[in-house]
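Encoded as structure tokens, the structure appears first; notes follow it.
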Amino acid sequence: MLKVACLPSHPFEKLVARKKRQGSEAVVEALLPPCSHSTRLVATLIQKLQHHLALSPSNPSRLSANNNDAAKFAQIPSWVSLKRTSSSSSEKTPPLQLGRVENLHLVSLSKQAKLKEAREFLEQMDKAGVSVSPRSYESLLEACRNLESLSVGRYIHERLRRTVKNPSGFLENCVLRMYCDCGSLVDAQMVFDEMAERNLGSWVVIMSAYAQAGFLEKSFWLFSDMIEFGIEPNSVIYTGLLKYLVNPSLVEIGRQVHSHVIRSGLSSIVAINTAICNMYVKCGWFDGAKLVFNQMDEKDSVAWTGLMVGYTQARKQRDALDLFVKMLMEGVELDQFVFSIVLKACAGLEDLNLGRQIHGYIVKLGFETDVSAGTPLVDFYVKCLNFESACRAFERISEPSDVSWSAMICGYSQIGNYEEAVKIFTSLRNNSLVLNSHIYTSIFQACFALADFNLGAQAHADAIKRSLISHLYGDSALVSMYSKCGRLDYATRAFESIPAPDTVAWTAIISGNAHHGNASEALELFGRMQDCGVRPNAVTFVAVLTACSHSGLVTEAKRYMDSMHSQYGVDPTIDHYNCMIDIYARAGLLQEAFELIKNMPFDPDKTSWKCLLGGCWTHKNLELGKIASENLLQLDPEDAAGYILLFNLYASSGKWEEAARVRKLMTERNLKKELSCSWITVKGKVHRFIVGDKHHPQTEEIYLKLEEFNHSMTMMNDENGLLTKEDVSSTFPERKEQLLVHSERLAMAFGLISTPTNTPIIIFKNLRACKDCHDFAKHLSDITGRRIVVRDACRFHHFQSGQCSCNDYWVHASMSSVSVTINGLLGVENLRFHFHLCL
DNA sequence: CTAGGGTTAG
């Protein structure tokens with residue numbers, strides 16, 4: 001059985017536990033009457049605002065203290081277990097009715113979602129001859145509904161039919177709802193057809209179910225059936241239908257429903273007007289929505305929120321916020337939900353100051369601890385790149401929901417702390433808290449950033465089991481994750497299983513093929529994408545150009561670049577120009593690359609010059625190389641890559657004095673080459689190696705294995721005189737022996753002795769693959785017959801039978817790099833490393 | 001049971 005790797009205990013475990021404890025208190029708090037001082041605060045707030053705007057109060061505050069006695073009942077537990085009743089019962093307690101305790105237990109089990117136990121207990125009750133009360137059936141059916149357990153639902157229904165002669169209309173509706181919510185419309189229809197007495201509720205349930213499942217026509221047939229039966233539709237019937245009229249093609253039906261509502265005399269009800277208004281918003285008829293909204297006599301915060309949603313969906317954040325101010329001025333009582341949309345508008349504008357002011361309102365109103373206001377607050381701060389504030393906002397939420405955690409996971413991913421994101425996920429999972437498809441999407445993303453195939457595959461399996469793979473979002477994340485973990489085969493499978501891939505999904509698979517060096521497949525996919533009528537975007541073209549770059553397709557790249565604007569209406573960005581510079585430079589067309597840098601409509605950035613410099617190094621053009629490096633060092637004097645490339649350029653041209661000067665400069669500025677490191681995952685455990693590493697428990701075996709191949713390899717190289725040191729790691733002269741124990745060789749040797757012969761050996765490396773090790777891997781694949789995959793800072797290399805998929809067409813580490821921190825290095829514990837992952 | 005609104009992702 002697949003199990004998500006259990007990570008070491010983590011402060012979040014404690015946090016989760018604490019939140020759990022706080023949860024019970026929060027429930028009690030929620031039962032208390034609304035806090036009167038908060039409503040008073042709203043009034044003061046508006047007064048202040050009105051004063052500020054020099055307006056006279058339009059109408060007296062209609063806010064009143066809303067007292068009730070709910071607090072008195074707050075202490076009554078919502079369920080009673082058998083144990084507690086028997087142990088705490090004293091002689092004063094009146095004798096319980098027969099089967100009362102058993103039925104209470106059944107209700108309690110249902111409320112706790114313990115369906116399996118409930119079913120077992122039901123069977124025990126059967127044996128004991130205790131009858132099941134209608135109340136128990138209601139709870140059981142509700143639990144099946146919530147857990148979408150059709151099988152248990154069917155069992156309960158069957159049992160109900162056998163034992164209860166004349167079930168109430170309400171109980172029959174419970175059965176109907178259970179089938180609808182468990183997704184079996186066939187069963188639902190059968191129950192509906194056989195119902196002795198259909199009330200309005202029954203019609204609502206079945207009609208909404210059909211509408212929700214997309215069978216709008218069927219639900220409207222039922223609507224006219226109902227009218228034929230002489231049943232007067234009430235507002236619930238209408239709102240049940242209106243809820244599912246959600247796109248512009250349905251606006252005509254919406255208008256018809258609207259006119260029905262007017263004729264039936266229900267048009268003064270706030271809820272139904274709100275529903276009509278929201279229907280028009282979702283169908284894109286904004287004028288209609290405003291018309292309905294303005295004609296409403298009484299507008300509460302629900303109505304206002306609905307219209308604000310319309311504005312934010314149309315990306316009119318300012319208008320949404322104007323509406324909010326208007327709402328405050330009219331003295332509408334605010335609730336938590338208003339703030340979610342207000343904060344979304346602030347996040348859309350990336351207006352940190354405005355959001356902070358809204359945060360202030362929230363605190364004043366006492367909504368800070370409420371999930372509904374607190375979660376959007378967390379999201380707002382994450383979107384405004386203010387992670388510390390997001391953490392503080394999260395801490396204040398008394399009962400965080402899966403959405404709150406989801407926002408935090410995004411926050412951690414955004415600051416590059418993917419490990420923490422994964423830890424929260426495992427923590428939530430181990431504590432059986434609710435997970436959702438957004439969380440899984442974020443986790444797939446974290447797995448590709450960490451290049452953790454093992455965790456990624458487990459999370460995937462886990463998500464399948466819970467059916468929490470989001471259509472397109474989750475699917476695309478999986479494609480990227482597998483391709484970035486070196487498994488293009490899985491990525492392809494994940495992609496092929498998407499029924500209708502969109503731009504992002506296509507881009508993910510094209511990009512995957514590009515980085516694995518399958519240029520022709522990538523370009524073919526690009527063609528297929530257009531055949532499917534999916535439009536490419538800027539990112540798609542980066543993937544297409546990357547494919548050309550890794551295979552030296554200069555003319556094709558030029559053609560794609562030229563067609564971007566004219567044929568596809570996508571404006572090239574600096575990323576596209578840098579791809580093009582890279583393509584020219586790799587192909588040795590250095591003058592073309594330089595011309596492009598000078599003439600492109602953007603100021604060249606670090607990447608532009610690095611691409612040119614890389615080309616100058618491979619094609620030994622000292623003249624241009626100097627220009628490139630001067631510009632590069634001017635843009636960023638701290639970037640070691642510039643010095644290293646320049647050093648190599650001088651060294652390869654035999655200019656040793658200049659080379660030494662560059663090295664001296666590096667030392668003076670205290671710049672160091674990044675430590676080269678390789679890792680391989682075997683049976684879920686990551687084994688990391690640095691050059692000459694002897695910390696691994698199987699060190700002896702590894703070196704013995706390496707010796708075998710190094711020997712044959714050295715013989716071969718000495719014969720051909722191939723032992724060159726032209727890679728990045730040769731910046732500092734190193735001994736020949738050191739070359740033989742480069743980290744990737746250690747990882748390969750370990751892979752050979754610890755994995756089955758029929759599987760590929762997949763190695764990850766933080767820097768670019770060195771020429772000698774690249775040759776070594778080719779040699780190894782030839783004499784062992786194993787497939788070897790090496791992902792370096794630049795791309796994937798697939799070695800097979802002495803050949804590499806890159807056709808030796810890889811040059812230098814460049815392009816954007818993502819800094820990732822990885823803990824727990826093998827043998828160097830608690831050391832934090834920064835790996836450059838280019839993909 | 002008994003209406004209408006929001007927040008998270010590729």
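In the text below, chain A, chain B and the rest are named by the order of the sequence lines, each starting its count at 1.
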TODO: Give a yes or no answer on whether the side chain of A:Asn537 reaches the backbone of A:Val539 with a donor-acceptor pair at less than 3.5 Å.
DONE: yes
Task: Donor-acceptor pair present, A:Asn273 side chain and B:dG4 base, under 3.5 Å - done: no
- [ ] Identify which nucleotide among B:dA9, B:dG6, B:dA3 has an atom closest to any side-chain atom of A:Thr441, counting heavy atoms from C-beta outward.
- [x] B:dA9
Task: A:Phe337, nearest nucleotide to its side chain (from B:dG5, B:dG4, B:dT7) - done: B:dG5
Open item on the list: On the nucleotide B:dA3, are OP1 or OP2 found under 4.0 Å from the side-chain N or O atoms that A:Lys243 carries?
Closed with: no
Per-pair distances, 0.1 Å, donor-acceptor, side chain in residues 200-212 of chain A, under 3.5 Å, sequence neighbours excluded:
| from | atom 1 | to | atom 2 | distance (Å) |
| --- | --- | --- | --- | --- |
| A:Ser202 | OG | A:Asn173 | OD1 | 2.8 |
| A:Ser202 | OG | A:Asn199 | N | 3.0 |
| A:Ser202 | OG | A:Asn199 | O | 3.1 |
| A:Ser202 | OG | A:Asn199 | OD1 | 2.9 |
| A:Ser208 | OG | A:Val204 | O | 2.7 |
| A:Tyr210 | OH | A:Gln189 | OE1 | 2.5 |

Open item on the list: Do A:His258 and A:Tyr280 pair up side chain to side chain, a donor and an acceptor below 3.5 Å, judged on atom types alone?
Closed with: yes
Task: Presence of donor-acceptor pair under 3.5 Å, side chain of A:Ser301 and base of B:dG5 - done: yes
TODO: Can you sort out the partners of A:Glu197 under salt bridge (charged side-chain N to carboxylate O under 4.0 Å, His left out), two or more places apart, ordered by chain and number?
DONE: none
Open item on the list: Taking donor-acceptor contacts at under 3.5 Å, does the side chain of A:Asp475 reach the base of B:dG10?
Closed with: no
TODO: Verify side-chain hydrogen bond (donor to acceptor under 3.5 Å, both in side chains) between A:Ser136 and A:Ser139, making sure each step is shown before the conclusion.
DONE: CA-CA 5 Å; A:Ser136 299; A:Ser139 285; over 6 Å; no
- [ ] Would you jot down, in residue-number order, the residues of residues 197-212 of chain A having a non-hydrogen atom under 4.0 Å from DNA chain B?
- [x] none
Open item on the list: Check this for me: does the side-chain of A:Ser442 come within 3.5 Å of the base of B:dA9 through a donor and an acceptor?
Closed with: no
TODO: Report, as yes or no, whether the 6.0 Å neighbourhood of atom CZ on A:Arg315 holds more than 12 heavy atoms from other residues, nucleotides or ligands.
DONE: no
TODO: Tell me what A:Asn173 touches on the nucleic acid: a base, only sugar-phosphate, or nothing, going by heavy atoms under 4.0 Å.
DONE: nothing
Open item on the list: Can you confirm whether or not the ring centre of A:Phe526 sits under 6.0 Å from the ring centre of A:Phe541?
Closed with: yes
Task: Nearest listed nucleotide, side chain of A:Asp379, among B:dT8, B:dG6, B:dA3 - done: B:dT8
Open item on the list: Quick check for you: among B:dG10, B:dG5, B:dT7, whose closest atom lies nearest to any side-chain atom of A:Asn278?
Closed with: B:dG5
Open item on the list: Is it the case that the base of B:dT8 and the side chain of A:Ser406 share a donor-acceptor contact (distance under 3.5 Å, atom types as modelled)?
Closed with: yes
- [ ] Kindly say if A:Lys383 contacts the phosphate of B:dT8, meaning a side-chain N or O under 4.0 Å from OP1 or OP2.
- [x] yes
Open item on the list: Nearest to the side chain of A:Lys282, heavy atoms from C-beta on, is which of B:dG5, B:dG10, B:dC1?
Closed with: B:dG5
